[in-house]
Amino acid sequence: MKIVQLYLLFLVILSASPNSSAQSNGKSLAEKLGYPRDRKLLIVHADDVGVTHSVNAATIKALDTGLVNSASIMVPCPWFPEIADYAKSRRDLDFGLHLTLTSERVFYRWGPVAPKDKVPSLVDENGYFHHDWSATTKINPAEVALELRAQIDRAYAMGIRPTHLDSHQYRLYENGKDLFDIVLGLAHDYKLPVFVVRDWFADHPYLESSLSPADIVLDHTVTISPSVPPDKWADFYTAALKNLEPGVTEFVIHLAFADDEMKAATRERDTWGAAWRQRDFDFFTSPAFRQLLQEQNIKLITWRELAGAPQH
């Protein structure tokens, strides 16, 4: 009986062990990068580049400060060619691809890179990506794979050499194992890391089970919520920086200037709109942010560094 009990205990321990998940060899991601386990490392990452000229201009200006040090590009969007040309001329910068399957704005829309007749489940009656995915939206995973590969291939064809992949509106993380496995498979095919955070595993266990020991997993992510009032914007980010946990954290931010173009493109609602993006730009390019990084002993790192980190 004792032998049986010991065997069952062994099976429980084995099933609970992380030997099939990412980063299971005992070293933290910070340690793989050559830092102490308790070091606070930060990526300040601007989403949605390519959506408008305003987003592109604000992102470029923010990257020039060195305080925003990463960004990801939406290939299907109208202002993609502009940022592709810039990214091609600045191979030193940390540009990823913001893989896109929705077109959420009411009056400003975009559609697939792949031929529309090859991805019918991804588009509405007008040929644009759906505004949103509801319970009745039936997305075909094979069409997702086709469209995402088309986006990546177009980026390479336009001269971009991406440092990583991530997902617009987190669609590829929050909608089941099938879609996550597609983006993970593409990341492996193109030898690129994909943005995944350990904090997400509790809500979406399939993320962890799909990953291999060679996959990079960030420790934490921070993004501001629509519930934060505009006059508390700087307070939110200041508190987040002062309470930053050890390990690798990505701040996901959204930049633009609150100019006529951006106001028109986002006029149907304030969330992630022109004023929101101007507030993000103002905080993350400010002397106050630079001073906080110094005071809190926070080290900025990039996806390029993560991709080059040894996995053992």
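Worth saying up front: this structure is predicted, and the values here are computed from it rather than measured.
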I'd like to know if the side chain of S212 pairs up with that of D215 as donor and acceptor (distance under 3.5 Å, no hydrogens or angles considered). yes
### Task
Output yes when a side-chain donor or acceptor of E208 lies under 3.5 Å from a complementary backbone atom of F201, and no otherwise.
no
Is D85 paired with R90 through a side-chain N to carboxylate O contact shorter than 4.0 Å?
no
Residue pair T249, L218: steps toward the side chain to side chain contact (heavy atoms under 4.5 Å, CB included) verdict: CA-CA 6 Å; T249 301; L218 273 60; over 6 Å; no
- Task: Say whether H98 and D48, considering side chains only, have a donor N or O and an acceptor N or O under 3.5 Å apart.
- Result: yes
- Does one side chain, of H45 or N69, offer a donor that lies under 3.5 Å from an acceptor on the other? no
request  = Look only at the side chain of D259 and the backbone of M262, and say whether a donor-acceptor pair between them is shorter than 3.5 Å.
outcome  = yes
- Query: After noting the C-alpha distance and the side-chain angles of V75 and W110, does the key distance pass the side chain to side chain contact (heavy atoms under 4.5 Å, CB included) rule?
  - Reply: CA-CA 10 Å; V75 175; W110 49 83; over 6 Å; no
Review point. What's the verdict on side chain to side chain contact (heavy atoms under 4.5 Å, CB included) for L292 and T238, showing C-alpha distance, side-chain angles and the deciding distance?
Key: CA-CA 8 Å; L292 275 166; T238 299; 3.8 Å; yes
(message) Is it the case that over 12 heavy atoms from other parts of the model lie below 6.0 angstrom from the CD atom of Q291?
(response) no
Test item: side-chain donor near acceptor, T221 and E250, under 3.5 Å: no
Salt bridge (Lys or Arg N to Asp or Glu O under 4.0 Å) evaluation trace for R105 with E268:
CA-CA 8 Å; R105 290 293 171 177; E268 81 281 355; 3.0 Å; yes
Residue set satisfying ring pair (Phe, Tyr, Trp, His ring centres under 6.0 Å) with F129, at least two apart, ordered chain then number -> none
Q. Cut-off 3.5 Å, side chains only: do E104 and H168 have a donor facing an acceptor?
A. yes
Quiz item: Donor-acceptor pair, E147 side chain versus L122 backbone, under 3.5 Å?
Solution: no
- Just by modelled atom types, is the A142 backbone N or O under 3.5 Å from a matching donor or acceptor in the N140 side chain? yes
- If you measure from the Lys or Arg side-chain nitrogens to the Asp or Glu carboxylate oxygens, is any gap between D124 and R109 under 4.0 Å? yes
(request) Apply side chain to side chain contact (heavy atoms under 4.5 Å, CB included) to the pair R161 and T163, showing each step before the final yes or no. (result) CA-CA 7 Å; R161 294 298 177 264; T163 56; over 6 Å; no
Practice problem: For the pair F284 and Y237, evaluate ring-ring contact (aromatic ring centres under 6.0 Å, His included) and give the outcome as yes or no after the intermediate values. | Solution: CA-CA 9 Å; F284 285 99; Y237 286 127; 4.6 Å; yes
The complete set of ring-ring contact (aromatic ring centres under 6.0 Å, His included) pairs with one or both residues in residues 50-83, sequence neighbours excluded, reads H53-W79
In short, side chain to side chain donor-acceptor pair (under 3.5 Å) pairs touching residues 174-187 with sequence neighbours left out are K177-D181, K177-S210, D181-S210
Practice task
Please answer whether the main-chain N or O of T302 pairs with a side-chain N or O of D94 as donor and acceptor at a distance below 3.5 Å.
Solution key: no
| query | Between the side chains of E261 and S54, is a donor N or O closer than 3.5 angstrom to an acceptor N or O? | reply | no
| Ring-face cation of R267 near F107 (centre distance under 6.0 Å, axis angle within 45°) | yes
query = Is it true that K40 and E245 make a salt bridge, defined as a side-chain N closer than 4.0 Å to a carboxylate O?
reply = no
message = Taking the ring centre of each residue, are Y206 and W200 less than 6.0 Å apart?
response = no
